[in-house]
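Scroll down for the structure; my scribbles are underneath it.
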Amino acid sequence: MRILLIHSDYLRYKTKSKTKIAEKIEDEKKGGEFDNALVVFTAVEREDEKDADNIIESAVSEIMNVSAQVKPDNVIIYPYAHLSSSLSSPDAAKNILKGMESKLKEKDVSVSRIPFGWYKSFEISCKGHPLSELSRTITVKPKEEEKAEEEPSKWYILSKGELHDPEGYEYENEDLRKLMLYELGKMESSGEEPPHVKLMREKGLSDYEPSAHVGHLRWYPKGRLIRDLLSDYVYNLVTEYGAMPVETPIMYDLADEAIRTHADKFGERQYRMGTKKELMLRFACCFGAFRILSDSFLTWKNLPVGLYELSTYSFRLEKRGEVVGLKRLRGFTMPDFHSVCRDIPQSMEEFERQITMCMQTGDDLNVNYEVIFRATQDFFDENKEWMYKAAEKVGKPMLLEILPRRKHYWISKMDFAAIDYLGRPIENPTIQIDVESAERFDINYINEKEEEEYPIIIHCSPTGSIERVIGSLLEKTAIELREDPKKMPMLPVWLSPIQVRVIPIAERHFDFALSLAEYLKDSNIRVDVDERSETVGKKIRNAGKEWVPYTIVIGDNELGKEQVTVNIRETNEKVLMDKDELIARIHAEVKGMPVRKLPLPVKLSKRVNF
RNA sequence: GCCCUAGUGGCUUAGCCGGUAGAGCGAUGCCUUGGUAAGGCAUAGAUCGGGGGUUCGAAUCCCCCCUGGGGCUCCA
């Protein structure tokens, strides 16, 4: 809404002729004269239709503010379309103008509203003092005020079916204490930058892309490989759990009402496109999955049904200053698993299974998660026993948040967070029980009585975003190094872009080195050969900088021999072993994990330094 | 969006009460053909984040903007 406020000695008007949208009026409204009047020329805009009450309230409070200063005898609401190029519908405008009139009347203001939709002549005499001409743009107020009024959540530590006060609790686990401090806003900051930002660039994984929007990364071959391996990992995991992988579009038409409502819930943090059709970029895979589900014929016999998609990418227009390294991006890749359940009890069963699944990713990735369990007060009161039981699946104390009432689409959720080098959480896996979306997207199933029913939907990301997983792994190396400066930082062997480096000493060792590499490669090991003319010392150092887990030096002593000396990064030992022993060792370390080929030239002399 | 802080070859940085950029790593070339975390020499590489201003003269002082990092806020 746009308003122009004129404090006048007098306003006179007369209606001349009707337009198509004219409101019906009594004769006495066909003209008038007001002295000492604050005239509020008002244009109601399209935006205002979304939340008329809010706009009326804001406009009235603005008018009251000005009135308090200039003290008019009359307030006149004067419809004036020419203040905006994006007008609302005439009906909406009339309603809002009437709303303003009655709100002002309630406040005992002498208010008159000039007829809408008439051609009018008018004469105004502006007083000309500093406050006599003001203009204001009134937008839907962000829910700050509501939020301030909102009751705060209750926080507990939940341990073995007992609730404790988070402040007084004796933490055995430092990470959980840090998570509590952060969530309750009591974290003190050291002002450092998280180490993973430097590491991701230094190790040639990824970097900022200055030619894109802030928060969108470029990925180099090594980083791309790690992303792919993690993607394969989650794919295998969720299909084990019965999910069916799908792929859906990344952009959606906001003309679809369900899409629009779901999108609007997310607020301003969306990429919207100013194309002829109003389109948005997805911020999660919900849209596509829900549309598939609403077009599917589901019966009680199918349920629970799981759809899985890896969102390359999801887009969130995070505010400036919120985007950080791999922790918070505007374009990110998120495994998104939606299960459709018959009812709350079945969703609780699924929830438990998914806790197991999320915990497993922590084990497999070797990342420690701390947990926040959240629920609405209602859900907690009705399902206390179940929540305590579900919490036991995690097997350690966790933070519990009880929200006074449902604020979002979920009634209960569990968030798993890794703690970074600076003691702040990196939100990773999450599980949420959604009680709203089925109805909104018209997803239903046929129950035993052959009736249509809305199911409950669980959202689950078993690892959280792939970028955050990589961030957590990098942070972990920095934490370990801080705790033990002798510790060699590295990635798990299955994720190491280069697993074995072969270093020939002189040219006469090249052939042997290359054939050794070939042999290892045939056993699905990512191996390369540093045949540059550098000293052995330097090549060893380079391999260390690249975090290569196994390094083999080939010289005269090794030529034609079965056994080679292997430098093991993890233990910093040199071990004489057979090449098949090395293969067996690596295979044991990467057991059950995805395998991908080396995405780089085998010879280091051919390699590009990103 | 607000507050604080930073931006100098690909990377790490010196210079910063004004006089027109210096190094290390990396890259390239030559020498060295070597045994476990930097061998030697040489060469190339910088509109000092961008724009504007002050000045005879600006990396240096002033203003605006962009980007990084931190904080607030936010992360359905």
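In what follows, every chain begins at residue 1, and chains take the letters A, B, ... in the order their sequences are listed.
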Side chain of [X]: nearest nucleotide among [options]?
X: E507(A); options: rU36(B), rC75(B), rU33(B); value: rU33(B)
X: R569(A); options: rU36(B), rA37(B), rG69(B); value: rA37(B)
X: K538(A); options: rG1(B), rG39(B), rC75(B); value: rG39(B)
X: D556(A); options: rG69(B), rC75(B), rG35(B); value: rG35(B)
X: E322(A); options: rG35(B), rU33(B), rC74(B); value: rC74(B)
X: P194(A); options: rG70(B), rC74(B), rA38(B); value: rG70(B)
X: I540(A); options: rU36(B), rG69(B), rG35(B); value: rU36(B)
X: Y182(A); options: rC74(B), rG69(B), rU36(B); value: rC74(B)

> Hey, does the side-chain of R316(A) have a donor or acceptor N/O within less than 3.5 Å of a partner on the base of rC74(B)?
Replying inline: no
> Taking N and O atoms by type only, does the side chain of E558(A) place a donor or acceptor under 3.5 Å from a partner on the base of rG35(B)?
Replying inline: yes
>> Let's go through R440(A) and S437(A) carefully: what are the C-alpha distance in whole Å and the side-chain angles of both, what is the deciding distance for side chain to side chain donor-acceptor pair (under 3.5 Å) to 0.1 Å, and is it a yes or a no?
In response: CA-CA 5 Å; R440(A) 175 170 310 127; S437(A) 299; 4.5 Å; no
>> Regarding E370(A) and K178(A), does a basic nitrogen lie under 4.0 Å from an acidic carboxylate oxygen?
In response: no
Considering Watson-Crick and G-U wobble pairs with both distances under 3.5 Å, what does [N] pair with?
N: rC56(B); answer: rG19(B)
N: rC48(B); answer: none
N: rA38(B); answer: none
N: rC74(B); answer: none
N: rC25(B); answer: rG10(B)

> Under 6.0 Å from the six-membered ring centre of F283(A) and within 45° of its axis: does the NZ or CZ of R269(A) meet both?
Replying inline: no
Does a nitrogen or oxygen in the side chain of [X] sit under 4.0 Å from OP1 or OP2 of [N]?
X: R508(A); N: rG34(B); value: yes
X: Y208(A); N: rG69(B); value: yes
X: R532(A); N: rG26(B); value: no
X: R424(A); N: rG70(B); value: yes
X: T535(A); N: rG39(B); value: yes

To the nearest Å, how far apart are [X] [atom1] and [N] [atom2]?
X: K319(A); N: rC3(B); atom1: NZ; atom2: P; answer: 15 Å
X: R201(A); N: rG69(B); atom1: CZ; atom2: C1'; answer: 11 Å
X: R501(A); N: rA37(B); atom1: CZ; atom2: P; answer: 15 Å
X: K545(A); N: rU12(B); atom1: NZ; atom2: C1'; answer: 11 Å
X: E534(A); N: rC30(B); atom1: CD; atom2: P; answer: 13 Å
X: I503(A); N: rA37(B); atom1: CD1; atom2: P; answer: 10 Å
X: L184(A); N: rU73(B); atom1: CG; atom2: P; answer: 13 Å
X: R607(A); N: rG26(B); atom1: CZ; atom2: P; answer: 17 Å

>> Let me spell it out: for each of K198(A) and P504(A), pick the nucleotide of RNA chain B with the closest heavy atom. Which residue's pick is nearer the 5' end?
In response: K198(A)
Base, sugar-phosphate, or nothing for [X], non-hydrogen atoms under 4.0 angstrom?
X: A284(A); result: base
X: V536(A); result: sugar-phosphate
X: T551(A); result: nothing
X: G537(A); result: sugar-phosphate

> Of R501(A), K606(A), Q499(A), which meets side-chain contact (heavy atoms from CB on, under 4.5 Å) against D528(A)?
Replying inline: R501(A)
> Can you name the one residue among I443(A), D256(A), T248(A) that meets side-chain contact (heavy atoms from CB on, under 4.5 Å) with R291(A)?
Replying inline: D256(A)
>> When the C1' atoms of rA44(B) and rA23(B) are compared, how many Å lie between them, rounded to an integer?
In response: 16 Å
>> Do N368(A) and D175(A) pair up side chain to side chain, a donor and an acceptor below 3.5 Å, judged on atom types alone?
In response: yes
> Between H459(A) and Y409(A), what is the ring plane arrangement, given parallel below 30°, perpendicular above 60°, and tilted in between?
Replying inline: parallel
